[in-house]
Amino acid sequence: MMRLSLQALPGLLAIIQSASSTPLTSVNLYPRQNGSVWPSDVASFVHDQSWPNFTEATTRWSTYKAPTFNQVFIPETEQELSEGLQYMSSNNLSWLAKSGGHGYSETLEVIQNGVLINLENFNYTNVQDDGTIVVGTGVLFGNMVKTVGDSGRELNVGSCPCVGATGAMLGGGLGRLQGKHGLTSDALLKVRMALYNGTIVEASEDVNPDLFWAVRGSGQNYGVVIETTYQTWPASNNGMHYNADMTFAKSDVDRIMEVTNNLTGPGLDPALAFVMFFFQNATTSELEIIVNIVYAGPMEEGQKFTKLFSDFSLTLAESMVAWADLPTKSVLGLLPGACAEGLRYDLYSLISKTLEPQSWVDFTNDLSTFLHDNPLANGSAMMIETFAVEGIQALPDNATAFPHRQTFRNHIEAIGAYTDDSVGDAVDSFFLGWRNKFHTVDGYDQLQIYQNYAHGDEPLSALYGYDEWRHERLTNVKNAYDPHGFFNGYHAVPSDLAKWT
Ligand SMILES: Cc1cc2nc3c(=O)[nH]c(=O)nc-3n(C[C@H](O)[C@H](O)[C@H](O)COP(=O)(O)OP(=O)(O)OC[C@H]3O[C@@H](n4cnc5c(N)ncnc54)[C@H](O)[C@@H]3O)c2cc1C
Ligand SMILES: *[C@@H]1O[C@H](CO)[C@@H](O)[C@H](O)[C@H]1NC(C)=O
Ligand SMILES: *[C@@H]1O[C@H](CO)[C@@H](O)[C@H](O)[C@H]1NC(C)=O
Ligand SMILES: *[C@@H]1O[C@H](CO)[C@@H](O)[C@H](O)[C@H]1NC(C)=O
Ligand SMILES: *[C@@H]1O[C@H](CO)[C@@H](O)[C@H](O)[C@H]1NC(C)=O
Ligand SMILES: *[C@@H]1O[C@H](CO)[C@@H](O)[C@H](O)[C@H]1NC(C)=O
Ligand SMILES: *[C@@H]1O[C@H](CO)[C@@H](O)[C@H](O)[C@H]1NC(C)=O
Ligand SMILES: *[C@@H]1O[C@H](CO)[C@@H](O)[C@H](O)[C@H]1NC(C)=O
Ligand SMILES: *[C@@H]1O[C@H](CO)[C@@H](O)[C@H](O)[C@H]1NC(C)=O
Ligand SMILES: *[C@@H]1O[C@H](CO)[C@@H](O)[C@H](O)[C@H]1NC(C)=O
C-alpha cells in the first residue's frame, strides 16, 4: 500500500507529491464546462443521481438548510482522491467531504449541486506498538472506540457512536475523557491531507506546523483529511466506567442545577462527566429530565456524585460499563436514537459558565408548553454536557486553533427536530430565543460557542476566538492552503481579515 510505505519513510518531506504517473501541475481554474469529463482513473468511483444507491451514499444526518449534490465520489485510495480533487478544482466544481455526515451547521447550505466526497472506504483504526493509533478518515467514533478499547487503551471521544471521528476532531472534539486527556484534537500527532489541487501534505508539530495548529479547531477549512495519528493512554480502571442514569420530574430542575453548579467549575473531578437531557416522554406526555453521570473510575467514587442527586430522583439505574459500550449503553441507551438520519435538525448552542437555576425553571416550563403546543416538533430536546476541563486547560491557550480553553464549561445544546416544515419557524424562534436568553446569564460578556455545535448565525469570533492574533493566523493559513475557497462550507475562515465578524 502506498500509504503505508510513505508512512514508514523517515524525515518526511514537508510536502509530498502524490505518486501520480502524470505529475501534478498547479491548477488553473476554468469555468464549469458541461463537456468536461472525470479522468478515466476515477470515473468509475463517481455516480450521479441515476445510480440506485445515490440516496444512500449521500444521506446526511440533518436535512435542515442542507447542502445538495448532483454527484457522489467514493474514492478507494488516496491516489484516487487526489486525482478527483485535481479534476474538480480545475473545473471549479463545488464539493463537500463527508466523514460521518453529522455536521449540521446552516453554513453547509452554500454547497448546492455539488459533489459529495464520501470517505467511507477510509475505514480503519490501526493500533501501533507504541500505543499510537492511525485512523482512516471515514471511521465513526463507535467503531474507533471498539478497536482502541480492545487494545486496553483510551482517548477522549464524542458520546454518540455515529459521529465521524475526524469530523468531530476538526472542530476540537469534546467528550467525557477531556478532563483526563484533553480534546480529541489535543491527542492528534499527525494529519495527512489532500489539498484542493490534489497535492498531499502532512502536518505535525514539526512539518507544516501552521497547518497543524489550524487543523485542530478549524480543520474543515484547508483540505480533505485522509488519515490521522493520535496518542492514546492506558485504559482508566481497566476500561470499566461507572454509569448512572437518573430521571427527574421537571419540578426538580432548580435543585439539579444547584447541585451541578456546586460540582462544576475548576474543581470538577477530572474523571467526571454529566449529560442531561430534557425531553417529552411519549408515554406520559410529560417533560422529563435524565441526568447521566459517567465516572472513569471505581463505582464507589462515582456513587459519591450520584448520591447528591439520587435522594430526589424518580429512578436510578447504575452499573459498570466498558468504555467502548458507553456510546450505546449510557443515558439509558438512548444515544443511538440521536443518530436517526434525515430529519430537519435545527440546533442552537452556547457555552455557559454556570447554569442559572431560575432560568432553567423558566426554560423547562416553556419547553413543556412548546412541545405540547407543537406535536409536530415534540421530538425536540435540550441537552447539557458538563465535562471536566483539567486536560483542556493543561495546554497553553495558543497551543491550537481551539480558543475556549479557559471558558469551556457547560454546553447548552437545543435540538429542534421535525419533518413537517409547517412547524419550522416556531421551532427556530423558540430555540433561538432561548439561546439568546441563556447568553444573558452565561457568565460571559461575549458569546462563546463550540465550533462543532454552532448554528451558523453567530459571529465567527464566538467560534474561533475574539483575539486579533487568532484571526490573522487563521486567515494566513486559509490563504496558504485554500487560496480559492473550495473549503468554505463549514464556518469558513475569511480569506480577508476585514471579513471577520
Ligand atoms: C448526534 C450528534 C452527536 C454529537 N456528539 C458530539 C460529541 O460528543 N462531541 C463532539 O465534539 N461533537 C459532537 N457532535 C458534533 C460533531 O462534532 C459535528 O457535527 C461534526 O461536524 C460531525 O462530524 P462528521 O464527520 O460526522 O460530519 P460531516 O458532516 O461528515 O463533516 C462535518 C464537516 O467537516 C468536514 N469534514 C468531514 N470530514 C472531513 C475530512 N476528512 N476532511 C476535511 N473536512 C472534513 C465536512 O466537509 C463538513 O464540513 C455531535 C453531533 C451530532 C449530530
Ligand atoms: C497546491 O496548492 C498548494 C496550496 O496553495 C500549493 O502550495 C502547491 O504548490 C500546489 N501544488 C501544485 C502542484 O501546484
Ligand atoms: C468558480 O465558481 C464560483 C462559484 O461556485 C464562482 O464564484 C467563480 O467565479 C468561479 N470561478 C471561475 C474561474 O469560473
Ligand atoms: C450546461 O448544462 C445546463 C443544463 O444541464 C445548462 O443549463 C447550461 O446552460 C449549460 N452550460 C453551458 C455553458 O453550456
Ligand atoms: C447498493 O448497495 C448495496 C449494499 O448496500 C449493494 O449490495 C449493491 O451492490 C449496491 N448497488 C450498486 C448499484 O452498487
Ligand atoms: C467500517 O468498519 C467497521 C469495522 O470496524 C464495520 O463494522 C463498518 O460496517 C464499516 N463501515 C463501512 C461504511 O464500511
Ligand atoms: C452547594 O454547596 C453549598 C456550600 O458547600 C451548600 O451550602 C449547599 O447546600 C449546596 N447545595 C446543594 C443543592 O447541594
Ligand atoms: C417514560 O415514562 C414511562 C412511565 O413512567 C417510563 O416507564 C419510561 O421509562 C419513561 N421513558 C424514559 C425514556 O424515561
Ligand atoms: C408527539 O405527538 C404525536 C402526535 O400527537 C404522538 O403520536 C407522539 O407520541 C408524540 N411524541 C412524544 C415524544 O410525545
Ligand atoms: C505560544 O506563545 C508562546 C509565548 O509567546 C510561544 O513561545 C509559543 O511558541 C506559542 N505557541 C504556539 C503553538 O504558537
Side-chain angles (χ1 to χ4, degrees), residues 28-33 60-62 66-67 81 89-105 107-108 110-114 116-119 122 136-141 156-176 178 183-185 191-194 215 219-228 275 279-288 327 335-341 345 347 349 371-372 374-381 383 385 387 411 413 415 417 450-454 484-492:
N28 294 309
L29 293 185
Y30 301 107
R32 191 185 291 204
Q33 300 287 328
R60 298 171 44 80
W61 183 65
S62 177
L81 173 62
S89 55
S90 305
N91 289 281
N92 200 24
L93 304 190
S94 62
W95 68 75
L96 185 75
K98 174 190 170 186
S99 284
H102 278 62
Y104 51 74
S105 171
T107 62
L108 286 165
V110 302
I111 312 289
Q112 291 297 318
N113 306 315
L116 181 73
I117 308 175
N118 182 325
L119 296 161
F122 298 79
T137 196
V139 171
L140 307 182
F141 272 135
N156 180 46
V157 297
S159 307
C160 277
C162 49
V163 171
T166 301
M169 179 279 289
L170 295 174
L174 65 77
R176 291 184 176 121
Q178 68 181 39
L183 302 164
T184 308
S185 58
V191 64
R192 190 170 169 80
M193 305 175 55
V215 159
Q220 305 88 352
N221 273 280
Y222 312 105
V224 178
V225 173
I226 303 164
E227 183 179 276
T228 48
V275 176
F279 63 101
Q280 180 166 300
N281 182 310
T283 310
T284 62
S285 293
E286 292 297 321
L287 195 88
E288 183 176 311
L335 292 178
C339 297
E341 290 179 336
Y345 287 107
L347 282 76
S349 158
L371 297 177
H372 275 138
N374 295 280
L376 290 172
N378 65 12
S380 301
M383 183 171 85
E385 288 171 304
F387 302 146
H411 288 273
E413 194 165 32
I415 307 166
Y450 171 45
Q451 195 252 34
N452 273 333
Y453 285 180
H484 305 287
F486 283 111
F487 294 92
N488 276 356
Y490 197 85
H491 310 141

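Numbering of ligands and ligand atoms starts at 1, following listing order. Source: prediction; values computed, not measured.
- Which parts of ligand 1 touch Gly158 is read off a 4.0 Å heavy-atom cut-off, strictly below it: atoms 7 (C), 8 (O), 9 (N).
- Nearest heavy atom pair, residue Glu385 against residue Ser159, reads OE2-OG, 4.0 Å.
- Counting heavy atoms from C-beta outward, Pro67 and Arg60 have side chains that approach closer than 4.5 Å.
- Remark: ligand 1 and Leu174 share an N or O pair separated by less than 3.5 Å (distance only, no angle test).
- Residues His484 and Asn92 form no side-chain contact, since every pair of their non-hydrogen atoms from C-beta on lies 4.5 Å or further apart.
- Every atom of ligand 1 with a heavy atom of Ala338 under 4.0 Å away is listed here by number and element: 1 (C).
- Residue contact check: Leu119 has heavy atoms under 4.0 Å from atoms 41 (N) of ligand 1.
- If you check which protein heavy atom lies closest to atom 50 (C) of ligand 1, you get Val163 CG2, 3.7 Å.
- The closest approach between a heavy atom of Leu108 and any atom of ligand 1 is below 4.0 Å.
- With distances taken over non-hydrogen atoms, the option nearest atom 27 (O) of ligand 1 out of Glu227, Arg60, Gln451, His102 is His102.
- In this structure Ser105 satisfies the side chain to side chain donor-acceptor pair (under 3.5 Å) test together with Thr107, His491, sequence neighbours excluded.
- Residues of the protein with a heavy atom under 4.0 Å from ligand 9 are Gln280, Ala282, Pro375, Asn378, listed by chain and number.
- Listed by atom number, the atoms of ligand 1 under 4.0 Å from Gly223 heavy atoms are 42 (N), 43 (C).
- Using 4.0 Å as the threshold, Phe122 has no heavy atom nearer than that to any atom of ligand 1.
- When each atom of ligand 1 is checked for a heavy atom of Gly173 under 4.0 Å away, the hits are 11 (O).
- At the top of the distance list for atom 41 (N) of ligand 1, counting protein heavy atoms only, stands Thr137 OG1, 2.7 Å.
- Contact check for Pro161 versus Leu140: no side-chain heavy atoms found under the 4.5 Å cut-off.
- Tyr345 and Ala338 make their closest contact through OH-O, 4.3 Å (heavy atoms, listed as atom of the first residue, atom of the second, distance).
- Across Tyr490 and Gly103, no two heavy atoms sit closer than the pair CE1-CA, 4.2 Å.
- Residue contact annotation: Gly138 has no non-hydrogen atom under 4.0 Å from ligand 1.
- Using a 4.0 Å cut-off to heavy atoms of Gln220, the atoms of ligand 1 that qualify are 33 (C), 34 (O), 35 (C).
- In this structure, the side chains of Thr166 and Leu119 stay at 4.5 Å or more apart for every pair of heavy atoms.
- Of all the listed residues (Gly164, Ser159, Ser99), Gly164 holds the heavy atom that lies closest to atom 26 (O) of ligand 1.
- Inclusion of Asn452 in the set of residues having an N or O under 3.5 Å from an N or O of ligand 1 is warranted.
- Counting protein heavy atoms only, atom 45 (C) of ligand 1 is closest to Leu170 CD1, 3.5 Å.
- The aromatic rings of Tyr453 and His411 lie perpendicular to each other, with more than 60° between the two planes, well past the 30° mark.
- Look at Tyr453 and you'll find a heavy atom under 4.0 Å from some atom of ligand 1.
- A heavy-atom separation below 4.0 Å is found between Gly101 and ligand 1.
- Nearest protein neighbour of atom 42 (N) of ligand 1, counting heavy atoms only, is Val225 N, 2.8 Å.
- Nearest heavy-atom pair, Ile226 versus Met193, reported as atom, atom and distance to 0.1 Å: CD1-C, 3.8 Å.
- Residue Gly103 has at least one N or O atom closer than 3.5 Å to an N or O atom of ligand 1.
- Atom 49 (O) of ligand 1 has as its closest protein heavy atom Tyr490 CB, 3.3 Å.
- Taking only nitrogen or oxygen atoms, main chain and side chain alike, Val224 does not reach within less than 3.5 Å of ligand 1.
- Atom 25 (O) of ligand 1 has Gly100 N, 2.8 Å as its closest protein atom, hydrogens excluded (heavy atom only).
- Looking only at side-chain heavy atoms (C-beta outward), Pro327 and Phe141 stay at 4.5 Å or farther from each other.
- In the vicinity of Trp61, heavy-atom distances shorter than 4.0 Å reach the ligand 1 atoms 53 (C).
- For atom 11 (O) of ligand 1, the closest non-hydrogen atom on the protein side is Tyr450 OH, 2.6 Å.
- Met193 does not count as a contact of ligand 1, since none of its heavy atoms falls under 4.0 Å from the ligand.
- Those atoms of ligand 1 that come under 4.0 Å of a heavy atom in Ala168, given as number and element, are 17 (O), 23 (O).
- Under the side chain to side chain donor-acceptor pair (under 3.5 Å) criterion, Gln178 pairs with no residue, sequence neighbours left out.
- Sulfur atoms SG of Cys339 and Cys162 are positioned under 2.5 Å apart.
- Proximity of Gly175 to ligand 1 is not established, as no heavy-atom distance is less than 4.0 Å.
- In this structure, Trp95 and Phe487 have perpendicular ring planes: the angle between them is above 60°, well past the 30° mark.
- In terms of heavy-atom proximity, Gln220 sits nearest to Gly171 at NE2-N, 3.6 Å.
- The minimum heavy-atom distance between Val157 and Thr184, with the atom names listed, is CA-OG1, 4.0 Å.
- Checked against a 3.5 angstrom limit, the closest N/O atoms of Leu96 and ligand 1 fall outside it.
- Every residue two or more places apart in sequence or in another chain was checked for a side chain to side chain donor-acceptor pair (under 3.5 Å) with Ser349, and none qualifies.
- With hydrogens left out, the protein atom closest to atom 46 (C) of ligand 1 is Ala97 O, 3.0 Å, a heavy atom.
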